[in-house]
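Read the numbers this way: they start at 1 and go in the same order the structure lists the ligands and their atoms. The first residue of the sequence shown is numbered 1, and numbering continues consecutively from there.
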Amino acid sequence: PLTSSVDLSASSLELSIQTRIFKIIVIGDSNVGKTCLTFRFTGGSFPDKTEATIGVDFREKAVEIEGETIKVQVWDTAGQERFRKSMVEHYYRNVHAVVFVYDVTKMASFRNLQTWIQECNGHRVSASVPRVLVGNKCDLVDQIQVPSNMALKFADAHNMLLFETSAKDPRESQNVDSIFMSLACRLKAQKSLLYRDVEREDGRVRLTQETETKSNCPC
Ligand SMILES: Nc1nc2c(ncn2[C@@H]2O[C@H](COP(=O)(O)OP(=O)(O)OP(=O)(O)O)[C@@H](O)[C@H]2O)c(=O)[nH]1
Ligand SMILES: [Mg+2]
């Protein structure tokens, strides 16, 4: 009957309006494992072989947080200057969150974080955009050069959470997921407040959104 087909299209419209996309960029020196980390999160495995990223690779994953499906769009950026210079403006445009990565077995990659943060700040990324720090390659236990307490101090000073993990070690895969999931949770909390404000201006109320906002984020 006609009425049920009308109902169907109305609910699918509602669904498409509610699918939000969060743009998360992954930044850091070449060879720290940005491609492997993003691959682990979106594809669930460690790639056999990687090549230096040229420009950017997009990886997406749909995640469910408190009943809402959110598309996490991960921008796997190039660490090598010659492969990134024409793209930098695009990396930072309308970004929702930033993941800074260093290699725990390479002190230089940790020292260079300062430069990466400067680049980020230079592109007018708002202070409300969450940032996290990731020390990768923790599986190489006998080669560690960056002590945890040093990394923690740096993260604290820059108001970031620190994750020490490994894209390679399958036992760490949940930890890798939690890097992106914790950001998605924070973004969801921020953005649903925004949505509510917009809805009030319109004089519209969406009950589901209101209910979701009240429950606590699992992260
Ligand atoms: N042991 C170990 N090796 C890793 C890990 N993550 C990445 N690698 C290795 O490190 C090398 C570089 O990894 P990529 O992910 O390509 O590095 P990237 O940061 O994307 O480099 P660019 O694209 O040039 O910026 C590869 O040989 C990976 O196999 C890890 O957790 N443990
Ligand atoms: Mg790469």
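- Atoms CD1 and OG1, on I25 and T38 in that order, are 13.0 Å from each other to the nearest 0.5 Å.
- A side-chain donor-acceptor contact under 3.5 Å links S148 and E164.
- Between the NZ atom in K23 and the NE2 atom in H96 there is a gap of 8.5 Å [rounded to 0.5 Å].
- Results of the side-chain contact (heavy atoms from CB on, under 4.5 Å) test with T53 over V56, T50, D57 single out D57 as the only residue that passes.
- Between the side chain of K34 and the backbone N or O of G28 there is at least one donor-acceptor pair closer than 3.5 Å.
- W75 and Y91 have perpendicular rings, their planes meeting at more than 60° on a 0 to 90° scale where under 30° would count as parallel.
- Within the 3.5 Å criterion, the main-chain N or O of A78 finds a donor-acceptor partner in the side chain of R84.
- Checking E172 against S166 by side-chain atom types alone, no donor-acceptor pair falls below 3.5 Å.
- The tally of protein N/O/S atoms under 2.8 Å from the Mg ion (ligand 2) stands at 2.
- Residues with a heavy atom under 4.0 Å from ligand 1: D29, S30, N31, V32, G33, K34, T35, C36, F46, T50, A52, T53, A78, G79, N136, K137, D139, L140, S166, A167, K168.
- Between V134 and T165 there is a side-chain heavy-atom pair separated by less than 4.5 Å.
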